[in-house]
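Notes follow once the structure below has been shown.
Here is the naming used below: chain letters follow the sequence lines, and residue numbers restart at 1 for every chain.
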Amino acid sequence: MEGMENLPEEQRDALLQKIEELQVRDSLRTYNSVVERCFVDCVSSFRSKNLDSTEEKCVSRCCEKFLKHAARVGMRFGEMSSQSEQQMQQMMQQQAQQGR
Amino acid sequence: MEGMENLPEEQRDALLQKIEELQVRDSLRTYNSVVERCFVDCVSSFRSKNLDSTEEKCVSRCCEKFLKHAARVGMRFGEMSSQSEQQMQQMMQQQAQQGR
Amino acid sequence: MEGMENLPEEQRDALLQKIEELQVRDSLRTYNSVVERCFVDCVSSFRSKNLDSTEEKCVSRCCEKFLKHAARVGMRFGEMSSQSEQQMQQMMQQQAQQGR
Amino acid sequence: MASPSQAELAKSLAMAQQELDYRVDLFNRMTSSCFEKCMDRRYKDGELNVGEHSCVDRCCAKYWQVTGIVGQMLGAQGQGM
Amino acid sequence: MASPSQAELAKSLAMAQQELDYRVDLFNRMTSSCFEKCMDRRYKDGELNVGEHSCVDRCCAKYWQVTGIVGQMLGAQGQGM
Amino acid sequence: MASPSQAELAKSLAMAQQELDYRVDLFNRMTSSCFEKCMDRRYKDGELNVGEHSCVDRCCAKYWQVTGIVGQMLGAQGQGM
């Protein structure tokens, strides 16, 4: 998010609010996608209109597993992102030195 | 959509226009998703560049069936949404009474 | 994009900038979707944390193939779009003449 | 009550839009999941038969229950929603 | 002709954006559907062979025709579009 | 340095939003692809076992490498990014 520090306060507030909105939007989408995945994986009988106990347990575990999985991916994603940003900055500094 | 009634007229108009835009956007996406689904389910031979009559009939029925299905889901969705909103309001009223 | 020519300059600039933004957004999404497709199609062993040479070659070819495929679809899409716009304009002219 | 500020109004517009987006997304996923679970996709007919009708009703009910379970678990984690 | 009001301009900007979004979505779905219908996904080669080329052309033509049929049916229903 | 104009500010807001969208999309696709590649979806348990944990780590690493290869090829083409 370069350029952030160049923004006047008012604009920065607008950006931060926008980011907050995007985070709410993304967490709602994640919510919907977990529901869909666990429904698809766990529910396949439609002889009753209520979940039976096997289906309920399956949904709970699926949801728990997905959240733990996503947390781990998030950790790895963060590590790889910061590494590649360091690489990019090193490359840009080298190019800047060669360019001058 | 709570808070709607608190808005001054001008803002409410902006919101209503936004909602209308979202509805157009959603119906266009639905259109594209029906096309994709019925194409994938009904067309699998590419020896000719025109749909044959079997494929055409399949696409029509697929589209009809999808629309009827979506209408039924919409009905159920509406029922369940209003039920859960009533439950939520009852809960909030109870909490408000206990809180005071 | 009818109506474009009726816009005052300032608004047209805003529209053009919006279009540019949408193009960046779409190319980033395309990028992500090619990555996902080629990853899913080419990588299925997780006994090592580095791609082996078979996987690497597969990813390169998959990416190349997808881009060539998309370019061809784009060509056909353009042809069909302009044809159907011509048809629509002819129809509208006929209706306008009959209407008067 | 004092009239709301510009910023508050913008926020409540954004929230209303979020809620609408969320509901539309939920509806679309429910629709396509239940289509795949319940419909005979050979399309011999454009109508839903009796079995398909009751399957859709139950499918919607169960989908909604899954929404509840997942919502509670996410709420407990303090993660979103 | 009088110059258009702010509200009208905002509306036509929104419409142009909607149309663009719609076309991009259509193109992306056509591209991925025809990729799955026509391409050999073992990727022995980065080129499209003769069979794949003609398959893509026909796939696009048929996809477009499906667009037409569905559009007519949605139009008849007065639902959307 | 002169203070940036309204138009420049709007542009940098838009760019920041684009970047965020891009990262979220990448993260979501990586998450769902690795879930499908690595997880036992019979859900006998809500925990990830040892094999699943190491599979996820390698899956993320490989996914990231694919990102790099595709990025280079798109860059070489001058298409996008």
Side-chain angles (χ1 to χ4, degrees), chain B residues 8-75 77-78, chain E residues 5-40 48-81:
Chain B
E9 196 170 344
E10 198 186 330
Q11 305 287 335
R12 203 189 304 166
D13 286 357
L15 178 56
L16 288 175
Q17 206 211 302
K18 194 73 206 169
I19 289 175
E20 200 190 306
E21 272 173 44
L22 292 173
Q23 283 172 336
V24 172
R25 190 197 62 183
D26 293 327
S27 67
L28 288 172
R29 271 194 207 155
T30 301
Y31 175 46
N32 276 333
S33 79
V34 177
V35 168
E36 187 181 23
R37 167 178 301 283
C38 296
F39 175 80
V40 168
D41 284 359
C42 294
V43 184
S44 51
S45 150
F46 298 98
R47 265 172 284 169
S48 148
K49 77 185 185 72
N50 291 308
L51 295 173
D52 63 35
S53 67
T54 314
E55 289 169 330
E56 265 186 39
K57 253 181 243 159
C58 180
V59 169
S60 300
R61 287 170 183 161
C62 170
C63 176
E64 188 187 346
K65 196 161 187 172
F66 185 84
L67 293 175
K68 287 182 177 160
H69 168 73
R72 188 148 187 126
V73 174
M75 226 163 62
F77 189 83
Chain E
S5 74
Q6 272 309 103
E8 283 168 344
L9 282 169
K11 211 168 180 176
S12 75
L13 283 180
M15 275 179 58
Q17 191 178 335
Q18 298 258 14
E19 194 181 328
L20 197 66
D21 272 350
Y22 160 70
R23 282 170 190 260
V24 168
D25 188 31
L26 174 57
F27 173 73
N28 286 340
R29 289 175 190 264
M30 190 188 283
T31 304
S32 78
S33 300
C34 291
F35 196 85
E36 261 147 52
K37 295 280 188 190
C38 293
M39 296 295 123
D40 180 350
L48 281 65
N49 63 37
V50 181
E52 287 172 331
H53 267 137
S54 71
C55 182
V56 174
D57 293 350
R58 289 167 186 164
C59 185
C60 290
K62 285 193 168 189
Y63 198 99
W64 198 260
Q65 289 162 50
V66 172
T67 304
I69 296 176
V70 172
Q72 280 188 339
M73 292 186 74
L74 287 173
Q77 282 234 353
Q79 284 206 20
M81 256 311 268

[X] side, atom [atom1]; [Y] side, atom [atom2] - distance, nearest 0.5 Å:
X	Y	atom1	atom2	value
E:R29	B:F39	CZ	CZ	13.5 Å
B:D52	E:K62	CG	NZ	5.5 Å
E:N28	B:N32	CG	CG	9.5 Å
E:C60	B:K49	SG	NZ	11.5 Å
E:C55	B:F46	SG	CZ	5.5 Å
B:K57	E:I69	NZ	CD1	12.0 Å

If you take all heavy atoms of [X] and [Y], which pair is closest and at what distance?
X	Y	answer
E:Q65	B:N50	NE2-OD1, 3.3 Å
B:V43	E:K37	O-NZ, 2.7 Å
E:S32	B:E36	OG-OE2, 4.0 Å

Check your understanding: Picking from E:V56, E:D57, E:D21, E:T67, which has the most non-hydrogen pairs under 4.5 angstrom with chain B?
Key -> E:T67
Review point. Between E:Q18, E:E36, E:Q72, E:R58, which shows the greatest number of heavy-atom pairs under 4.5 Å with chain B?
Key: E:R58
Point to revise | Over 12 foreign heavy atoms within 6.0 Å of CD, B:Q17 | key: yes
Review point. Side chain, backbone, both or neither: which part of B:T30 has a non-hydrogen atom closer than 4.5 Å to chain E?
Key: neither
**Study point:** Which atoms of B:E64 approach chain E - backbone, side chain, both or neither, heavy atom under 4.5 Å
**Key:** both
Quick one: of [options], who has the most non-hydrogen atom pairs under 4.5 Å with chain E?
options	answer
B:S33, B:S44, B:C38	B:S33
B:R29, B:R47, B:E56	B:R47
B:V35, B:V59, B:V40	B:V35

Practice item. Begin from the C-alpha positions of E:K11 and B:E21 and carry the test salt bridge (charged side-chain N to carboxylate O under 4.0 Å, His left out) through to its verdict. Key: CA-CA 9 Å; E:K11 211 168 180 176; B:E21 272 173 44; over 6 Å; no
Point to revise | Pair E:L74-B:V34, side chain to side chain contact (heavy atoms under 4.5 Å, CB included): steps then yes or no | key: CA-CA 10 Å; E:L74 287 173; B:V34 177; 5.6 Å; no
Exercise for review: Verify side chain to side chain contact (heavy atoms under 4.5 Å, CB included) between B:L51 and E:V66, making sure each step is shown before the conclusion.
Suggested key: CA-CA 8 Å; B:L51 295 173; E:V66 172; 4.2 Å; yes
Check your understanding: With only heavy atoms counted, which part of E:S54 is less than 4.5 Å from chain B, the side chain, the backbone, both or neither?
Key -> neither
Exercise for review: Give, as side chain, backbone, both or neither, the part of E:D25 having an atom under 4.5 angstrom from any heavy atom of chain B.
Suggested key: both
